[in-house]
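A short write-up of the structure that comes next.
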Amino acid sequence: MDTPSGPASGRILVVEDDPTVAEVVVGYLDRAGHVVDHAADGPTALEYTERQWPDLVVLDLMLPGMDGLDVCRTLRARGPVPVVMLTARGDEDDRILGLEIGADDYVTKPFSPRELALRVDSVLRRSQRAVTGDGGPLLRARGITLDAAGRRATKDGTELALTLREFDLLEYLLRHPGQAFGREHLMREVWGWEFGDLSTVTVHVRRLRGKIEDDPAQPRLITTVWGIGYRFDSQAATTED
């Protein structure tokens, strides 16, 4: 869990077409110490990122013309950037799809500006920790090598294209081989949330399996422990200085 002494800060792009919501979000994040820019639609947001790559994007899914999912896909194709989605209450399919294409977190409308700021802070911390290389020894298990300091992971020598949360989830499981963890536990330890939608964990496990398993439909590395949660199955997980 993140336990730093002060809030993270960074350059944030808010993509929101509702002027009232945008004003509240931009103002709150600005007062929280971030440098905040605003775009009212997808094309404008993408034009902005060509001039100034942000540290994090707060992205509304319901945008005119080019929707937030397409914006997220385009950003992911250009490079790594943390994305926190804003979704309407009840739009579970869009929310899950957003997580599937690589969004790191989401906040459901109507939302508390303080909750949004806390989610932004949590994602930024992990992103900044990735840049500074705050990690430990290499982790190795069943063809997977994870370098926490360098934020790199490979499978049989081939680098894995993992999002921020996917990397953190894999690292946590590799550090605790053979132990079964419930989704609530993983949400608390990997995401830093005390509560939230547990489907977030389910989606990220599914995405991670798709990248590390030989056959994601029959996972042999991250297995489901019925009635509990998930376990990384390894009889030979090791660390190396």
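Checking side-chain atoms of Asp60 against main-chain N and O of Val15 turns up no donor-acceptor pair under 3.5 Å. Judged by distance alone, the side chain of Arg183 and the main-chain N or O of Thr202 form no donor-acceptor pair under 3.5 Å. The backbone N or O of Arg220 sits less than 3.5 Å from a side-chain atom of Arg142, completing a donor-acceptor pair.
The minimum heavy-atom distance linking Ala103 with Cys72 is given by the pair N-SG, 4.2 Å. Between Pro43 and Met66, the shortest heavy-atom contact is CD-CB, 4.0 Å. The nearest pair of heavy atoms linking Leu59 to Gly68 is CD2-O, 3.3 Å. Contact detail for Ile212 and Leu221: the closest heavy-atom pair is O-CD1, 3.5 Å.
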**Request:** Please lay out, stage by stage, how Asp168 and Arg175 fare under the test salt bridge (Lys or Arg N to Asp or Glu O under 4.0 Å).
**Result:** CA-CA 11 Å; Asp168 289 341; Arg175 290 191 184 280; over 6 Å; no

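Using a 4.5 Å heavy-atom threshold, the side chains of Val21 and Phe111 count as touching. Side-chain atoms of Phe167 and Leu160, non-hydrogen and from C-beta on, never get closer than 4.5 Å to each other. In this structure, the side chains of Thr145 and Glu159 stay at 4.5 Å or more apart for every pair of heavy atoms. Side chains of Leu139 and Leu170 form no contact here, defined as non-hydrogen atoms less than 4.5 Å apart. In this structure the side chain of Ile12 never reaches within 4.5 angstrom of the side chain of Val26, judged on heavy atoms. Taking the side chain as every heavy atom from C-beta outward, Pro82 and Leu124 never approach each other to under 4.5 Å.
Residues satisfying the ring-ring contact (aromatic ring centres under 6.0 Å, His included) criterion with Phe181, sequence neighbours excluded, are Tyr172, His176, His185. In this structure, Thr158 has no side-chain contact (heavy atoms from CB on, under 4.5 Å) partners at least two apart in sequence or on a different chain. Here Thr154 pairs with nothing under the side-chain hydrogen bond (donor to acceptor under 3.5 Å, both in side chains) rule; sequence neighbours left out. Considering only residues two or more places apart in sequence or on other chains, Thr223 meets the side-chain hydrogen bond (donor to acceptor under 3.5 Å, both in side chains) condition with Asp233. With sequence neighbours left out, the side-chain contact (heavy atoms from CB on, under 4.5 Å) criterion links Asp215 to Ala217, Gln218. For Asp70, the side-chain hydrogen bond (donor to acceptor under 3.5 Å, both in side chains) partners are Arg73, not counting sequence neighbours. With sequence neighbours left out, Glu50 forms a side-chain hydrogen bond (donor to acceptor under 3.5 Å, both in side chains) with Arg78.
Gln52 CD to Asp55 CG: the interatomic distance, rounded to the nearest 0.5 Å, is 8.5 Å. Atom CG of Leu86 is separated from atom CG of Asp105 by 10.5 Å, given to the nearest 0.5 angstrom. Between His34 atom NE2 and Arg11 atom CZ the span is 13.0 Å, to the nearest 0.5 Å. Rounded to the nearest 0.5 angstrom, Ser122 OG and Arg165 CZ are separated by 4.5 Å. Annotation: the span from Glu171 atom CD to Asp147 atom CG amounts to 9.5 Å, rounded to 0.5 Å. A distance of 11.0 Å separates CG in Leu29 from CG in Leu13, rounded to the nearest 0.5 Å.
Follow the hydrophobic side-chain contacts under 4.5 Å out from Leu198 and you reach Leu169 in the same cluster. Leu63 and Val24 end up in different hydrophobic clusters when Ile, Leu, Val, Met, Phe, Trp and Tyr side chains are linked at under 4.5 Å. Leu61 and Leu46 fall within the same hydrophobic cluster, where Ile, Leu, Val, Met, Phe, Trp and Tyr residues are linked whenever their side-chain heavy atoms come under 4.5 Å apart, directly or through other members.
Residues in residues 16-31 take part in these side chain to side chain donor-acceptor pair (under 3.5 Å) pairs, two or more places apart or across chains: Glu16-Lys109. Residue pairs satisfying the salt bridge (Lys or Arg N to Asp or Glu O under 4.0 Å) criterion with at least one member in residues 38-47, sequence neighbours excluded, are absent. For residues 203-229, the set of pairs meeting the ring-ring contact (aromatic ring centres under 6.0 Å, His included) definition, not counting sequence neighbours, comprises Trp191-His204. Sorted by first and then second residue, the ring-ring contact (aromatic ring centres under 6.0 Å, His included) pairs with a member in residues 38-73 form an empty list; sequence neighbours excluded.
The hydrophobic cluster around Ile228 extends to Val225, counting ILVMFWY residues whose side-chain heavy atoms fall within less than 4.5 Å of a member.
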